[in-house]
Amino acid sequence: MAGKTSLGEDIVSRINQLAAISETPDNITRIFLTPEHRAAAELILSWMREAGMSAHLDAIGNVCGRYEGERASLPCLMLGSHYDTVRDAGRWDGPLGVITAISCVADLNKRGRRLPFAIEVTGFADEEGVRFASTLLGSRAVAGTFNERVLTSKDEAGVSMREAMVQFGLDPDHIGAAARVRGELLAYIELHIEQGPVLEAEGLPVGVVTAIAGATRLAARVTGMAGHAGTVPMALRRDALTGAAEIISKIEELCLSDGRGLVGTVGYIHASPGATNVIPGQVHFTIDLRAPTDVHRNRALADISRQIDAIAKRRNLELRLDVTHENRTVPCAPWLKAQVAEAVSAEGYPIFELPSGAGHDGMAMVDIADVAMIFVRCRGGVSHHPDEHVEVADADAGARVLLRLIENFRPHVAGE
Ligand SMILES: [Zn+2]
């Protein structure tokens with residue numbers, strides 16, 4: 001290997017090698033418990049061993065590497081991210097965190113540097129939840145919160161997770177063996193692309209994550225009265241779609257005026273009966289609401305519900321809202337976030353804090369460790385798309401921040 005390459009160049013070269021492992025040759029699709037999962041795991045395990053780590057595949061298919069500290073069996077600082085992808089994915093979402101962590105350990109190993117704690121790197125096998133419609137399977141197994149019911153869920157081909165595990169060579173009755181306990185981990189730190197445009201707009205390569213935003217998803221149903229498009233006068237109509245349009249605009253208006261990180265999205269809408277010459281009698285749509293804290297999100301939800309209910313009443317429509325999904329907000333631990341900020345600053349960058357609007361493995365890991373995240377700028381904020389891109393210099397900046405963070409890491413002292 002060339003001696004003079006930067007951490008960033010090494011990382012990009014490995015990102016490209018991993019991206020070549022895909023279900024289809026022309027894009028990147030790497031799904032849980034498939035031959036591509038296997039091939040990617042073997043490649044990552046080989047990098048871990050090259051970097052001086054002992055490495056193995058755990059009971060759910062995560063790749064786990066361990067670099068011992070000054071003596072054996074010390075508790076670890078765990079670094080990680082995921083190596084599965086969505087369909088037709090980019091190459092950075094997930095792998096950047098795994099590969100950067102391995103590069104940092106390789107650098108320590110090259111210098112013979114041992115720390116007063118062990119370092120573990122975990123590549124989670126399933127974060128995106130593409131195959132079995134349940135996310136964070138890898139990190140939930142490590143956190144000991146894997147829900148056994150997922151084993152019976154089936155993929156599109158009718159294969160259950162239990163069957164897929166057996167075919168892969170894993171024992172579905174021993175997922176518990178992947179679980180770690182709180183005392184073994186000093187902290188969990190994840191480096192990830194931002195998947196949004198904020199760092200780019202700020203002109204910064206890296207950011208300090210404050211929290212992984214919780215989310216509430218709702219199914220909304222607006223009911224009016226269907227009727228003839230030619231015979232019912234405007235004033236007598238109970239048009240569910242124009243009502244929904246006003247409601248959706250109100251949701252946007254309320255989120256826009258919040259100014260403190262509230263985001264709301266209506267991503268799906270369906271009108272019935274759905275004909276050119278019929279007044280829509282019923283409309284279904286979804287609402288996805290996220291904010292940096294649970295209190296903030298819940299207050300916003302109460303406010304939005306009240307105001308859109310008033311719109312429905314004024315229009316003589318019936319509005320029904322059902323919560324379909326709810327995720328709590330996971331704050332990054334202040335003591336750990338402070339060390340991330342210190343490392344960012346020591347590398348010569350301004351400290352810029354931002355919440356994560358997307359979900360990450362830290363949401364599961366927080367059950368056994370304090371978590372923190374470093375965000376790396378990605379071009380145009382584009383993610384879950386083949387155009388996802390990170391500059392070499394930014395990959396390098398992220399790696400230097402993570403390396404400094406590792407070398408200066410101080411475990412939490414109770415009461416601090
Ligand atoms: Zn990700």
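In listed order, ligands and their atoms are each counted from 1.
- Under 2.8 Å from the Zn ion (ligand 1) lies an N/O/S atom of H192, whether from backbone or side chain.
- Side-chain atoms of S81 and E190 include a donor-acceptor pair closer than 3.5 Å.
- I287 has its side chain within reach of L321: a pair of non-hydrogen atoms, C-beta onward, lies under 4.5 Å apart.
- Rounding to 10 degrees gives 100° for the angle at the Zn ion (ligand 1) between NE2 of H82 and OD1 of D93.
- Using a 4.0 Å cut-off between a side-chain N of Lys or Arg and a carboxylate O of Asp or Glu, E407 and R404 do not qualify as a salt bridge.
- Coordination check, D361 versus the Zn ion (ligand 1): failed, since every N/O/S atom of the residue sits at 2.8 Å or beyond.
- Annotation: cation-pi geometry not satisfied between R410 and F117 (NZ/CZ under 6.0 angstrom from ring centroid, within 45° of ring axis).
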